[in-house]
Amino acid sequence: MSLDVEFAGYRPGALAAIVHLHISYYHKHWKFGLQFETKVASELAEFLSRRKNEDDLIVTAYEKRNEQLIGSIVIDAARCDTDGAHLRWFIVDQRTIGLGVGRHLIEQAILHCDRKLYTQVYLTTFRGLDAARALYESLGFILESENNVDQWQGGVVEQRFVRKLPV
């Protein structure tokens, strides 16, 4: 399968489409429900309403033939000075796995962080997402911690990965 993909920033409708990609995948594979969906929707809406174009980043991927969202990633720099830049809402449509969409999205996010000289980028995920973990580690992220605090209420072990600015 080959796709003609257009990478963009924010477009009207992106919020709903990103939430849809997340709940579709995480409900099907991990049984996440309303708590997860509302958390993604409210936090993404809050980010979009306050984002600063020069510091923050949103990259979306659309299938050109039908203009359907097939991936997204965000760099939230709101607490960059204290916690580091936060890589968030990284997801690709499962039909595109292996086609390079996810790698392109995350590479754009890392490039933004490196250009902005963010000393640290972190993300939170959970144990069991092995393909994503391999991608993160291939780009210099290191598992910093694991804990049983389950912010998504899906019965998972949360992980925090960190990537330091290369010297």
Side-chain angles (χ1 to χ4, degrees), residues 1-30 32-126 129 131-132 135-136 139-141 151-152 160-163 165:
M1 173 180 171
S2 110
L3 283 179
D4 192 10
V5 179
E6 179 178 356
F7 293 93
Y10 170 80
R11 284 186 183 173
L15 179 128
I18 292 168
V19 171
H20 176 75
L21 273 181
H22 276 79
I23 196 62
S24 295
Y25 174 79
Y26 289 105
H27 178 70
K28 179 179 180 180
H29 297 284
W30 298 92
F32 287 12
L34 181 61
Q35 177 70 26
F36 174 76
E37 185 174 7
T38 57
K39 182 174 179 56
V40 171
S42 63
E43 291 181 8
L44 180 55
E46 186 273 330
F47 166 79
L48 290 170
S49 68
R50 67 158 163 79
R51 72 187 166 113
K52 296 179 181 173
N53 288 331
E54 66 276 2
D55 297 328
D56 300 315
L57 177 74
I58 179 170
V59 182
T60 53
Y62 291 87
E63 188 175 354
K64 282 187 180 177
R65 77 175 167 80
N66 61 12
E67 296 186 18
Q68 180 180 0
L69 182 87
I70 56 172
S72 69
I73 197 163
V74 163
I75 295 295
D76 183 349
R79 292 191 293 266
C80 194
D81 293 338
T82 56
D83 300 333
H86 191 177
L87 189 153
R88 309 180 79 179
W89 303 297
F90 175 45
I91 193 158
V92 294
D93 186 306
Q94 294 303 288
R95 297 174 301 121
T96 70
I97 298 297
L99 299 178
V101 174
R103 180 165 287 278
H104 182 81
L105 287 168
I106 199 165
E107 285 176 349
Q108 291 302 303
I110 296 302
L111 182 61
H112 174 78
C113 292
D114 289 351
R115 283 184 182 148
K116 299 298 290 182
L117 300 177
Y118 295 150
T119 57
Q120 176 173 290
V121 182
Y122 74 95
L123 62 93
T124 54
T125 186
F126 55 89
L129 298 173
L135 180 58
Y136 302 145
L139 293 165
F141 283 87
Q151 67 174 308
W152 301 292
R160 178 183 166 104
F161 283 83
V162 176
R163 179 184 181 270
L165 180 69

Check the pair I18 / I58 against side chain to side chain contact (heavy atoms under 4.5 Å, CB included), numbers first and verdict last. CA-CA 11 Å; I18 292 168; I58 179 170; 4.2 Å; yes

Could you measure the distance from the [atom1] atom of [X] to the [atom2] atom of [Y]? Nearest 0.5 Å is fine.
| X | Y | atom1 | atom2 | value |
| --- | --- | --- | --- | --- |
| L105 | F90 | CG | CZ | 6.0 Å |
| T82 | Q120 | OG1 | CD | 10.0 Å |
| L87 | W89 | CG | CH2 | 10.5 Å |
| H112 | I75 | NE2 | CD1 | 6.5 Å |
| E37 | S42 | CD | OG | 11.0 Å |
| Y136 | I110 | OH | CD1 | 10.5 Å |

Verdict with supporting geometry, T60 and L69, side chain to side chain contact (heavy atoms under 4.5 Å, CB included): CA-CA 7 Å; T60 53; L69 182 87; 3.7 Å; yes

Examine distances only and state if a side-chain atom of [X] and a backbone atom of [Y] form a donor-acceptor pair shorter than 3.5 Å.
| X | Y | answer |
| --- | --- | --- |
| Q94 | V92 | yes |
| D56 | D76 | no |
| S24 | L21 | no |

Please work out which of the three classes, parallel, tilted or perpendicular, describes the rings of Y26 and F32, given edges at 30° and 60°.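 It falls in the parallel class, under 30°.
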
Residues two or more places apart in sequence or in another chain: which of them pass side-chain hydrogen bond (donor to acceptor under 3.5 Å, both in side chains) with Y122?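 Counting only residues at least two positions away or on another chain, Y122 forms a side-chain hydrogen bond (donor to acceptor under 3.5 Å, both in side chains) with H86.
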
Given the ring of Y62, does R11 sit roughly above its face, with NZ or CZ under 6.0 Å from the centre of the six-membered ring and within 45° of the axis?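 Satisfied, under 6.0 Å and within 45°.
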
If you measure from the Lys or Arg side-chain nitrogens to the Asp or Glu carboxylate oxygens, is any gap between K116 and D55 under 4.0 Å?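 Yes.
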
D114/R163 ion pair, N-O < 4.0 Å: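 A salt bridge is present here (some side-chain N lies under 4.0 Å from a carboxylate O).
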
Could you check whether any side-chain heavy atom of [X] comes within less than 4.5 Å of a side-chain heavy atom of [Y], counting everything from C-beta outward?
| X | Y | value |
| --- | --- | --- |
| I91 | S72 | yes |
| E43 | R88 | yes |
| F7 | H104 | yes |

Carefully, step by step, assess L135 and F141 under the rule side chain to side chain contact (heavy atoms under 4.5 Å, CB included). CA-CA 9 Å; L135 180 58; F141 283 87; over 6 Å; no

Flag the pair F36 / W30 as yes when their ring centroid distance falls below 6.0 Å, and as no otherwise.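 No; W30 has its ring centre 6.0 Å or more from that of F36.
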
Crowded around [X] [atom1]? As in, over 12 foreign heavy atoms under 6.0 Å?
| X | atom1 | answer |
| --- | --- | --- |
| E54 | CD | yes |
| R50 | CZ | yes |
| D81 | CG | no |
| H20 | NE2 | no |

Check the pair E107, L111 against side chain to side chain contact (heavy atoms under 4.5 Å, CB included), reporting the backbone distance first and the verdict last. CA-CA 6 Å; E107 285 176 349; L111 182 61; over 6 Å; no

So, for G33 and I23, which heavy atoms are closest and what is the spacing to 0.1 Å?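 Smallest heavy-atom distance, with atoms named: O-CD1, 3.7 Å.
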
